[in-house]
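Shown next, in structure tokens, is the structure this report addresses.
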Amino acid sequence: MARQGLTATLLFAVLVATFGTWFPMGYIIVAMNGPQTAVVNWIRSVHCARLGGIFCTEESSLGGCSDNYTEQVPSLDLWCKHYSEEEETNILGDNPELNTFWAISSSFLNVGGLISSFACTAIANKFGLKGAFYILAALYITGTLTVCLAPLAGLFEMLVVGRTIIGLSLGSMCIIAPLYTAELTPPSVRGALGTLPIVTYVLGFIVATSAGFPMALGTETGWPILVGLGLIPIVLLCVLLPFCPDSPRRLLIKKQNKAAAEKALRWLRKTSNVHDELAAMQEDFAAESGRPRVSLRSVFNDPILRSGLTMVAVAMLAQQFSGYSALSFYSTSIFSSIGMSRMDANVTTLGLWVTYLIFSLISMVLVEKSGRRTLLLWSHVLMMATMTALVIFMTLSKQGVTWTKYGSAACVVMYIAVFAAGSASVPWILPSELVTAEFRASAMQLAGLMSWSGALIVTFIFPVLVTSLHEYVFLVFIGCGVVGTGYIFMKLPETKGKTIEEIQAVMRGNRGGRRPVVRG
């Protein structure tokens with residue numbers, strides 16, 4: 001029998017694929033978080049110059065640079081005046097045009113991701129999984145260079161263009177990398193290695209936040225370098241990927257190259273006895289060859305598949321509309337708004353991502369001990385509770401109760417902890433457990449579509465709504481959490497320790513509104 005455990009070569013291939021894709025995805029998502037004020041002030045300075053004004057810095061404002069207002073351009077002073085550190089939290093709120101542009105710049109990363117999600121399976125089928133990695137890497141490099149060169153060109157519009165191109169890369173990366181990992185990995189270690197994307201994703205958060213401190217690269221001249229550092233794992237991916245094999249399953253089934261598939265398996269398993277695994281793949285191929293071609297639209301014709309895919313979609317939308325994306329993109333500004341200095345806000349944000357990493361590692365154990373359904377439900381309930389407390393503390397802080405700003409920070413950290421323990425990972429596991437093997441790529445594509453769609457909506461509307469609703473904007477996320485949690489409670493069966501046939505039998509029994517069987 002072939003060795004079915006973890007080998008050094010398998011771990012190498014999985015790390016190359018996950019670190020080279022999910023790390024830069026996490027990195028770029030929060031890279032603009034720490035230096036947000038520096039980037040926003042650069043945008044203001046460019047637009048101020050276009051309007052014919054003189055942008056006021058801290059030094060020039062001391063010398064009398066304070067009046068840029070003219071009757072011909074009433075907004076000139078708004079774009080050109082200097083904000084003190086205490087006033088910096090008001091920059092976006094005072095300038096609706098700037099606030100709208102910043103929302104567009106943030107959300108267009110998700111626009112690119114959403115568009116790319118539609119094309120990822122076609123790219124993989126056309127160029128193979130390894131070929132897809134190279135194409136996506138080229139897109140990421142192009143988008144990153146576009147953002148980094150924006151200050152030299154004096155065009156803040158390049159932020160939107162560059163982040164859209166980066167999103168086109170990330171939208172497929174977050175699907176292609178788990179598919180590649182799953183097709184290389186034997187079932188005995190698939191669960192453990194399946195958590196590596198989330199772990200490397202959070203490591204990207206931590207590195208980007210650390211490098212974005214004001215004394216590092218979170219400055220008006222340093223932020224383009226900060227963004228450019230995200231290219232390092234992409235370059236490593238391109239350099240190391242040639243040493244990794246293509247998917248043995250795709251080599252055998254798609255290319256019908258048994259010799260290449262056997263060679264890849266021998267490299268991954270570090271044994272020459274891979275005949276049983278090859279035979280199992282051939283049996284799968286024989287079983288699938290008689291079935292009609294699968295598309296995302298066709299899977300909705302089967303009521304059980306439709307039910308499974310609906311659960312996948314709802315779990316992913318509940319994840320995104322829980323408010324996590326808003327906290328990821330705007331955590332530093334949230335901490336600043338409750339009275340923390342810029343430095344304290346950056347340090348607290350770093351602690352936030354360290355907490356995320358720790359509880360992501362803990363979830364590797366919890367997901368097998370407690371089960372998917374139980375862990376997901378408890379995660380959502382505790383997220384809603386901590387977000388409710390966050391609204392209360394933020395309200396009290398604005399009323400002058402100074403100690404509550406620390407309570408607000410604690411709530412955000414607790415929210416991230418319970419999110420990482422369940423909701424962060426379980427929705428990405430469900431596509432491989434609620435549908436049969438031939439539909440998994442379509443289910444993963446649907447999960448990606450829901451993830452990017454939800455993130456796009458949240459990151460676009462949050463900066464707009466927060467200027468009018470302030471801390472009460474989180475009540476919207478709490479309401480969405482109630483709806484999503486209710487559906488999961490009523491419909492989602494426990495999948496831990498069950499075969500796909502057993503899971504689908506439970507789903508057939510649940511049709512008609514009965515609560516799911518939850519025994520593990």
Side-chain angles (χ1 to χ4, degrees), residues 24-25 27-60 65 68 73 75-83 88 91-92 95-113 115-116 135-171 208 211-212 214 216-235 238 329 333 456 459-460 463:
M25 180 163 62
Y27 185 93
I28 196 63
I29 283 177
V30 301
M32 294 287 205
N33 200 337
Q36 175 178 320
T37 300
V39 179
V40 167
N41 276 328
W42 168 72
I43 295 172
R44 293 177 62 237
S45 69
V46 171
H47 197 65
C48 173
R50 291 179 184 178
L51 296 175
I54 301 174
F55 187 71
C56 296
T57 62
E58 184 175 1
E59 293 77 13
S60 62
C65 174
N68 272 294
V73 189
S75 64
L76 190 60
D77 191 58
L78 194 61
W79 286 96
C80 301
K81 73 176 182 179
H82 171 71
Y83 282 84
E88 285 176 348
I91 293 178
L92 294 176
N95 192 332
E97 185 180 353
L98 175 63
N99 190 42
T100 300
F101 176 81
W102 187 251
I104 291 173
S105 175
S106 300
S107 63
F108 264 57
L109 184 74
N110 298 304
V111 170
I115 294 171
S116 181
I135 293 172
L136 299 174
L139 281 173
Y140 192 97
I141 292 170
T142 301
T144 301
L145 291 178
T146 301
V147 173
C148 293
L149 295 174
L152 291 177
L155 297 170
F156 55 76
E157 293 84 358
M158 290 174 66
L159 294 180
V160 176
V161 176
R163 288 175 68 83
T164 303
I165 297 173
I166 293 172
L168 290 172
S169 172
L170 298 182
L217 295 173
T219 63
E220 293 184 19
T221 57
W223 70 262
I225 301 173
L226 174 66
V227 174
L229 290 178
L231 293 177
I232 293 176
I234 294 292
V235 172
C238 295
F329 276 90
S333 61
L456 170 62
T459 54
F460 181 76

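Hydrogens, waters and symmetry mates play no part in the numbers below; they use all other heavy atoms, side chains included. Just so it is clear, the model here is predicted, and its values are computed rather than measured.
To the nearest 0.5 Å, the span separating SG on Cys48 from CD1 on Ile54 amounts to 8.0 Å. For the atom pair CG of Asn95 and CG of Leu78, the computed distance is 4.0 Å after rounding to the nearest 0.5 Å. Rounding to the nearest 0.5 angstrom, the gap separating the CD1 atom in Ile141 from the SG atom in Cys238 is 5.0 Å. Here the CE-CG distance, from Met32 to Leu159, works out to 5.0 Å after rounding to the nearest 0.5 Å. One finds the CD1 atom of Ile234 at 9.5 Å from the CD1 atom of Ile166 (value rounded to the nearest 0.5 Å).
Two residues are said to be in side-chain contact when any heavy atoms from C-beta on lie closer than 4.5 Å; Ile28 and Val227 meet this criterion. For the pair Trp223 and Leu217, the minimum side-chain heavy-atom distance is 4.5 Å or more. Phe55 has its side chain out of reach of Val46: every pair of non-hydrogen atoms, C-beta onward, lies at least 4.5 Å apart. At least one side-chain heavy atom of Gln36 sits under 4.5 Å from a side-chain heavy atom of Leu92. Looking at heavy atoms from C-beta onward, Leu145 lies in side-chain contact with Leu231 at the 4.5 angstrom threshold. Trp79 is listed as a side-chain neighbour of Glu97, based on a closest heavy-atom distance under 4.5 Å. Residues Val161 and Glu157 have side chains not in contact (no heavy-atom distance under 4.5 Å, counting atoms from C-beta outward).
Between Cys80 and Cys56, the gamma sulfurs sit at a distance of 2.5 angstrom or greater.
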Do Ile104 and Thr100 pass the side chain to side chain contact (heavy atoms under 4.5 Å, CB included) test, and can you show the C-alpha distance, the side-chain angles, and the key distance before you say yes or no? CA-CA 6 Å; Ile104 291 173; Thr100 300; 4.1 Å; yes
(message) Please evaluate residues Leu136 and Tyr140 with respect to the criterion side chain to side chain contact (heavy atoms under 4.5 Å, CB included), reporting the C-alpha separation (whole Å), side-chain torsions for both, the decisive distance (0.1 Å), and the verdict.
(response) CA-CA 6 Å; Leu136 299 174; Tyr140 192 97; over 6 Å; no
List the steps and the verdict of side chain to side chain contact (heavy atoms under 4.5 Å, CB included) for Thr37 and Tyr83.
CA-CA 10 Å; Thr37 300; Tyr83 282 84; over 6 Å; no
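Between Ala211 and Leu226 the shortest heavy-atom distance is CB-CD1, 3.4 Å. Contact detail for Thr144 and Gly228: the closest heavy-atom pair is CG2-CA, 4.0 Å. Here the shortest heavy-atom pairing between Trp102 and Val39 reads CZ3-CG1, 3.6 Å. Across every non-hydrogen atom of Phe108 and Thr164, the tightest pair is CD2-OG1, 3.2 Å. Residue Thr219 comes nearest to Ala38 through the heavy atom pair C-CB, 3.6 Å, listed as atom of the first residue, atom of the second, then distance. Nearest approach of Pro151 to Pro224, heavy atoms of both residues: CG-CG, 3.7 Å.
Relative orientation of the Phe101 and Phe156 rings is perpendicular, given thresholds of 30° and 60° on the angle between their planes.
A donor-acceptor contact shorter than 3.5 Å is absent between the side chain of Thr146 and the backbone of Gly162. Side-chain N or O atoms of Ser45 include one that pairs as donor or acceptor with a backbone N or O of Trp42 at under 3.5 Å. Between the side chain of Asn110 and the backbone N or O of Gly113, no donor-acceptor pair lies under 3.5 Å. The closest donor-acceptor contact from the side chain of Arg163 to the backbone of Ser105 lies under 3.5 Å.
Arg44 and Glu220 are not joined by a salt bridge, as no carboxylate oxygen comes within less than 4.0 angstrom of a charged side-chain nitrogen.
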